[in-house]
Participant: 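Can you keep this structure in mind? I'll have questions shortly.
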Amino acid sequence: MSAPEREFVTARIGGQLVGIPIARAREVFSPQAITPVPAAGKDIAGVLNLRGRIVTMIDLRSHFAMPAYADGALAIGVDEGGDSYGLMVDALDEVRRLATEDIQENPVNLDEPLRRVSAGVCKVEDELLVVLDVDRILKTGDIASEERTGAAAPADE
Amino acid sequence: MLCCVKALSVMDDLLREFLTETSENLDTVDVELVRFEQEPNNAAILGNIFRLVHTIKGTCGFLNLPRLEALTHAAEALMDRFRNGMPVRADAVSLVLATLDRVKDLLEELERNKAEPAGDDDDLISRLHAMVAEDGAAPARAATSAGTLVYQVLERPLRPGEATLDELERAFRETPGPAPRSSAPKSSTSSPSAPRSSAPPAARERQPADLAPPGPAVADRDAPDKASADQVKRSIRVQLDTLEHLMTMVSELVLTRNQLLEIDARHGISEFRSPLQQLSNATAALQDGIMKTRMQPISTAWQKLPRIVRDLSTELGKHIELEMQGGDTELDRQVLDVIRDPLLHMVRNSADHGIELPAERVAAGKPECGIIRLSAYHEGGQIVIEICDDGRGLDAGRIRARVLAGGLASEDDLSTLSDAQVYSFIFAAGFSTASQVTHLSGRGVGMDVVRNNIDRIGGTIDVRSVAARGTSIVIKIPLTLAIMPALIVSGAGGRYAVPQVAVRELIRVREKGDQRIERLRSAGVLRVENKLLPLLPLSELLGQDAAESHGSDLIVVMQSGQDSFGIIVDDVVQTAEIVVKPVSRRLRHIHAFSGMTILGDGAVIMIIDPNNAARVLGVTSKAQNAMPAAGVADQDESGRSRESLLLFRAGPGQIKAVPVSLVARLEEIDVSQLEPAECGWLLRHRDRLVPVRAANEHVALRGSGLQPVLMFADGDRALGLMIDEIVDIVEDRLDIEIAASQPGTVGSAIVAGCATDILDIGHHFQSVFPDWCAKAAGSAATRPQVLLVDDAAFFRDMLKPVIQAAGFEVVVASSAAGALDLIGRGGRLDVVIADTEMPGMDGFQLCAALRGAAATAHLSFIGLSARISEDIVRRGREAGFDDFVAKFDRSGLIAALKEQTAGEHAA
């Protein structure tokens, strides 16, 4: 069903405007006490306890080739297959309505890490907004694991 | 269709309940039928079966399911014949089973389409009737079974079959056992047709005619109601979802309780303490209670097996008996679901590949009937399930060939593995030895899936086998998955949970102390009793850089399957009951963790997977490359085992090795503490002077600093051997291939893929303590005498020193004739070891000859052979061998020698 317009939760990561379909966003929260998970790959900030649920925190900055979050990040909560995740951003922006026809293909000069998680770009006012492909962000773990060569990698069986 | 005038939803409910209940009943009937076949005189079993089939039939009638009713009616008729004394033939039972299978199929259709499929079952029904007719029964019954069924509305159309069941139960209860059969007139045929009319008075009237006292039949009318009512009280059906929901709620409660306890521990508000304690107790009790609802007896998973084994026996033309022990052992429902199929698969394997054909078995001296035994029991927080058979065992040779053909391991790697270790390959992906794919057990792909499934729930699976004797597979699974006791440890910069069930003990080590981590080049080890425990720092397990040691480390000794190992952590923070939550999908690729949990203080921590830790260690230990690390108990019947070997450098040339079991300690001695002496040096150690000598003349004494010294002890004598450098500790078989030419070395062997010299400790002890040899093993006169017979000089020269070093006196003969000659000349002899393949008289004949003569019949005889096969073992047994050892298996030979001479020197 291609509605002419869709609503997006938008946020900023290192100044870059990004958007997530509002239907995917479950909540917004301020991450506290993230426990790092070793061997998880650099886009996983860790896990935390959100009102009794374990949420896996994904550091979106890693896709933007920026240093990882230290403090003060916000997170957009999304669910997938029974698991809870939090996508960490710098700050939240407005909820915007975007016309589907305005969302265009990724430009060829889009950086690789960004390209992996981008579902398209859209011109908003004077900026470019990157529409995030939430499914790909949540699945990227498999690609990341191939790049790792730690002792925690699966033994031959 | 009078009885179908009901609200649609009510009908649906009824149908659903009918399906559930009937499928359960059918499962029970399956089992009972197989039992009945084995105990055809057991009226109780027959009564059970009859009653169940009858219930099904009655219900089918009530719900207007003509096909099903006709089928069950025909089956019931046949079984009634059994009740009346018809001989229970295998084909009759098979037919009933086939009928029930058809019923199951129909039920499946029913479930899918809410209606019986069109068609009829004349094929089965006619066969059933034919069998009944054979017995000479009145065919009157037969005519009423097909098509034209008349329904009568029950007075109280509440529960399907209720009234009739009561009547029948009562009636059957009064059946006095075998007696009615012998005296039963043919007129008893009226009873099965009675319930069809489903009018209770009619039933009551007719049954007492053939059965016992009609009086009580009337008077006890109320009793069955009560009895069945009691039964209703004992159990109740609950939706699975409801249970899951309860489980989740209780988990939350446990977490919250933990949080409160944590807060109380920190702030300790006294008013809260008492109610909090009560809350804690109540929560624990509730938790226990809920856990019980998850538990089911394993017999639920075993239910279908007797029938399947029976069918398999028939199909394969073998005699197989299935024994089941410990069926009431309970395990978590989730776990049950996981192992149900694997168990089936393994039983099929045993029947198909393990148990031999009857003729083969008899030829091998086994009973014609093969046994597959399933047993289950609780042990240490786990449930242990064993599937054993007394069949032909695993064929190590074929497995090796298959491994090579499949590229699963290199020839070199394979050669370092014992047969017991090779068996583990059956769990490797892409493995199958079935020379043809049989539809019964399929390709070997099953076993790797089995292991994966068991691994995923934190269990282990191992296989043991002895050629020609049988195979046994042992599965160990943690008892519960949801809430488990855990040890919270700190290390690698964070906190982690370790399942308590996998922890054997905790050992604290300090930099300076008796228990030290002995650091070797590639791995840390800890000496525990006489074995070395491989260690892995937690940080390494997690793929991080090694953390700094705090001067005091804690070793968590863990067990996975048969392997023990230790994880080095900083400290234990607490023990806790944790609710295991699955790792989120995004993190599932991290094999180090098996789950996550929230602690009482709200922190999220990861749960370490012990099986993975064992695998990681297995990978870093050189000798286990490319091998399934699920450790296999490497003691088989002849006691062959792998040894821990310490590898070191002493001078240039090959690496040297010595069995770790001989080494008392690894020391690093400050050279300034060594005092020159005649034997080399003297070291003061705990008020004693210990002689130290160089392992060989090439060892370079360092000018200053620490020099590694291997300390050996025999009784109260101690000796230190100075070496250049400790290289590693590996586990490997010790097969000395080339006998040594120089003293000080026993020979050369391939250890961990490299040619290695094996140190002869005896030689060093002898040099330092000239009276050692006599003291070590008693006077020569009491050392057992061994006669070694082999036509190859090479083997004689290689084995003689090895046997001597183990504490035996050895004489050699180069042929069987020469041996007999030697024996004839007199002199004490305890054991004869002979090669089976020699020119002229071979080992078999020699043994037979010795057994034939009174003077030598008592001698222990050990056969040596380059190949061991079923055939050769059999010949050996026939010739009178006491034991059989592979030619290159030095440790096996020593073990066999010790075994044979043990009894004789008990003094």
Side-chain angles (χ1 to χ4, degrees), chain A residues 31-60 62-63 77-88 116-117 134-157, chain B residues 251-252 255-256 259 408-409 427-429 448 451-452 455 492-496 536-545 579 581-593 595-599 601-606 612-620 624-630:
Chain A
Q32 308 283 347
I34 300 180
T35 309
V37 177
K42 54 183 172 51
D43 63 332
I44 301 288
V47 287
L48 60 66
N49 171 2
L50 185 68
R51 294 185 291 274
R53 259 184 306 136
I54 300 185
V55 181
T56 308
M57 303 303 293
I58 300 189
D59 181 346
L60 287 177
S62 64
H63 293 292
V78 297
D79 281 346
E80 166 75 36
D83 301 321
S84 297
Y85 298 92
L87 304 177
M88 295 169 73
R116 270 205 225 120
V117 299
V134 177
D135 290 327
R136 290 218 68 191
I137 294 175
L138 298 183
K139 281 194 181 27
T140 321
D142 298 320
I143 307 172
S145 73
E146 281 155 27
E147 294 167 10
R148 273 185 309 111
T149 49
D156 293 327
E157 282 180 14
Chain B
S251 305
E252 303 272 337
L255 278 180
T256 312
Q259 282 176 324
L408 297 170
F427 297 117
D448 66 325
R451 185 172 73 166
N452 282 343
D455 203 53
R495 288 182 295 171
Y496 298 89
L536 188 66
L538 183 61
S539 46
E540 197 176 314
L541 175 64
L542 303 174
Q544 295 174 330
D545 295 326
V579 176
K581 298 208 192 239
V583 177
S584 64
R585 174 113 42 82
R586 184 68 173 68
L587 301 174
R588 223 162 270 175
H589 59 279
I590 309 175
H591 294 243
F593 305 127
M596 340 194 254
T597 185
I598 300 182
L599 286 186
D601 64 1
V604 178
I605 62 172
M606 311 299 291
N612 176 72
R615 265 196 295 275
V616 169
L617 259 179
V619 165
T620 59
Q624 296 190 22
N625 267 332
M627 214 197 74

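Proteins get letters first, then strands, A, B, ... in listed order; numbering begins at 1 in each.
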Participant: Is any NZ, NE, NH1 or NH2 atom of the basic residue among D601(B) and R495(B) found under 4.0 Å from an Asp or Glu carboxylate oxygen of the other?
Facilitator: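 Answer for the salt bridge query: yes.
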Participant: When you measure from the side chain of R136(A) to the backbone of V117(A), do you find a donor-acceptor pair of N or O atoms at a distance under 3.5 Å?
Facilitator: no
Participant: Of all of N49(A), T56(A), I34(A), which one pairs up most often with chain B through heavy atoms under 4.5 Å apart?
Facilitator: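 When all of N49(A), T56(A), I34(A) are compared, N49(A) has the most.
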Participant: Using non-hydrogen atoms only, which part of L255(B) is less than 4.5 Å away from chain A: side chain, backbone, both, or neither?
Facilitator: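 Neither part.
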Participant: Flag the pair Y85(A) / L138(A) as yes when at least one side-chain heavy-atom distance between them is below 4.5 Å, and no otherwise.
Facilitator: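 The answer is yes; the side chains approach within 4.5 Å.
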Participant: In terms of heavy-atom proximity below 4.5 Å to chain A, should T597(B) be classed as side chain, backbone, both, or neither?
Facilitator: backbone
Participant: Below 4.5 Å from any heavy atom of chain A, which atoms of M596(B) appear? Answer side chain, backbone, both or neither.
Facilitator: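 Interface part for M596(B): both.
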Participant: In Å, rounded to the nearest 0.5 Å, how long is the span from CZ of R586(B) to CE of M57(A)?
Facilitator: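 Answer for the CZ-CE pair, R586(B) versus M57(A), is 13.0 Å.
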Participant: What part of I44(A) lies closer than 4.5 angstrom to a heavy atom of chain B: side chain, backbone, both or neither?
Facilitator: side chain
Participant: Taking all non-hydrogen atoms of both residues into account, name the closest pair between A39(A) and L542(B) and its distance.
Facilitator: CB-O, 3.5 Å
